[in-house]
Asker: 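Before we start, here is the structure in question, set down as structure tokens.
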Amino acid sequence: EVQLVESGGGLVQPGGSLRLSCAASGFTFSSSAMSWVRRAPGKGLEWVSSIYSYISNTYYADSVKGRFTISTDNAKNTLYLQMNSLKSEDTAVYYCAKVTVVPARPPAYDYWGQGTQVTVSS
């Protein structure tokens, strides 16, 4: 059974930092591509970042580039998102998602976590 469990969300002031974690199980994590996707209040899903660790590639949305860092710890089957210099517009539910093995454009996801709330407010 594939499971993705996010944690690390919370309330933070603008300019602050948070690190999100996603514990993965039920598949070969080290050979998988993973993404962070978010949904802001009243808005649709927005892709944030992806990591294809087996080919050493990372990708970021322009809105978070230079502020967020995606990484993995393959020994722990865990995906991370380090978020620095947070802005009010970063407020959203953040989901980790597994990228499908079959190539797709835009990328498709076959498994999702439950999400973790990030609120950036003064």
Side-chain angles (χ1 to χ4, degrees):
E1 178 184 354
V2 172
Q3 289 190 333
L4 300 171
V5 182
E6 300 98 332
S7 62
L11 175 64
V12 64
Q13 293 187 335
S17 298
L18 286 173
R19 189 175 81 156
L20 306 183
S21 299
C22 174
S25 61
F27 63 96
T28 306
F29 181 80
S30 61
S31 63
S32 299
M34 302 291 296
S35 293
W36 287 99
V37 183
R38 68 186 181 186
R39 188 191 297 275
K43 299 181 180 179
L45 290 171
E46 178 189 17
W47 170 78
V48 175
S49 183
S50 294
I51 183 166
Y52 295 70
S53 59
Y54 49 92
I55 55 173
S56 301
N57 285 117
T58 58
Y59 305 90
Y60 299 92
D62 288 341
S63 59
V64 307
K65 194 172 299 180
R67 300 188 297 120
F68 291 11
T69 302
I70 190 170
S71 64
T72 59
D73 185 337
N74 290 336
K76 297 181 179 180
N77 282 5
T78 301
L79 173 73
Y80 300 99
L81 184 68
Q82 178 67 47
M83 305 185 296
N84 298 327
S85 302
L86 284 162
K87 305 174 181 179
S88 295
E89 50 263 45
D90 294 319
T91 295
V93 176
Y94 285 72
Y95 302 90
C96 64
K98 177 182 176 292
V99 180
T100 57
V101 174
V102 178
R105 296 175 65 89
Y109 309 101
D110 50 8
Y111 296 98
W112 296 75
Q114 84 288 353
T116 186
Q117 176 71 51
V118 172
T119 302
V120 185
S121 177
S122 60

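Fair warning: this is a prediction, and the values are worked out from it, not measured in the lab. For reference, positions follow the sequence shown, starting with 1.
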Asker: Whether the side chain of Thr100 engages the backbone of Val102 through a donor-acceptor N/O pair (distance < 3.5 Å, no angle test) should be reported.
Answerer: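 Looks like yes, one N/O pair under 3.5 Å.
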Asker: Do the side chains of Asp90 and Lys87 get close enough for a salt bridge, i.e. N-O under 4.0 angstrom?
Answerer: no
Asker: Checking Tyr54 now: which residues fulfil ring pair (Phe, Tyr, Trp, His ring centres under 6.0 Å) with it, not counting sequence neighbours?
Answerer: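 Scan of Tyr54 (ring pair (Phe, Tyr, Trp, His ring centres under 6.0 Å), adjacent residues dropped) gives none.
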Asker: Please identify each residue that fulfils side chain to side chain contact (heavy atoms under 4.5 Å, CB included) with Ala40, with sequence neighbours left out.
Answerer: Lys43, Ala92
Asker: Please check if Tyr109 and Leu45 belong to a single hydrophobic cluster, counting links between Ile, Leu, Val, Met, Phe, Trp and Tyr side chain heavy atoms closer than 4.5 Å.
Answerer: yes
Asker: Can you run down the disulfide (SG to SG under 2.5 Å) pairs that involve residues 44-121, sequence neighbours left out, and say none if there aren't any?
Answerer: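 Applying disulfide (SG to SG under 2.5 Å) to every pair that reaches into residues 44-121, excluding sequence neighbours, yields Cys22-Cys96.
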Asker: Under 4.5 Å between any side-chain heavy atoms of Gln117 and Leu11, yes or no?
Answerer: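 With C-beta onward as the side chain, the pair stays apart.
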Asker: Report the C-alpha separation of Ser63 and Glu89 in whole Å, then their side-chain angles, then the decisive distance to 0.1 Å, and conclude whether the side chain to side chain contact (heavy atoms under 4.5 Å, CB included) test is met.
Answerer: CA-CA 9 Å; Ser63 59; Glu89 50 263 45; over 6 Å; no
Asker: List the atom of Pro14, the atom of Ser88, and the distance in Å for their closest heavy-atom pair.
Answerer: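 In this case the closest contact between Pro14 and Ser88 is CG-OG, 4.2 Å.
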Asker: Sorted by first residue and then second, give each disulfide (SG to SG under 2.5 Å) pair with at least one member in residues 44-73; sequence neighbours left out.
Answerer: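 For residues 44-73, and leaving out neighbouring residues, there are no disulfide (SG to SG under 2.5 Å) pairs at all.
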Asker: Linking Ile, Leu, Val, Met, Phe, Trp and Tyr through side-chain heavy atoms less than 4.5 Å apart, which residues share a cluster with Met34?
Answerer: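 Besides Met34, the hydrophobic cluster comprises Val2, Leu4, Val12, Leu18, Leu20, Phe27, Phe29, Trp36, Val48, Ile51, Tyr60, Val64, Phe68, Ile70, Leu79, Leu81, Met83, Leu86, Tyr94, Tyr111, Val118, Val120, listed by chain and residue number.
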Asker: Distance check, rounded to the nearest 0.5 Å: Thr116 atom OG1 versus Tyr95 atom OH?
Answerer: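 Taking OG1 in Thr116 and OH in Tyr95, the distance rounds to 10.0 Å.
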Asker: Hey, could you give me each pair passing side-chain hydrogen bond (donor to acceptor under 3.5 Å, both in side chains) that has a residue in residues 15-29? Not counting sequence neighbours.
Answerer: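 Only Ser17-Asn84 qualify under side-chain hydrogen bond (donor to acceptor under 3.5 Å, both in side chains).
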Asker: Report yes or no: does Glu6 contribute a side-chain atom to a donor-acceptor pair with the main-chain N or O of Gly115 at less than 3.5 Å?
Answerer: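 Flag set: sc Glu6 to bb Gly115 pair under 3.5 Å.
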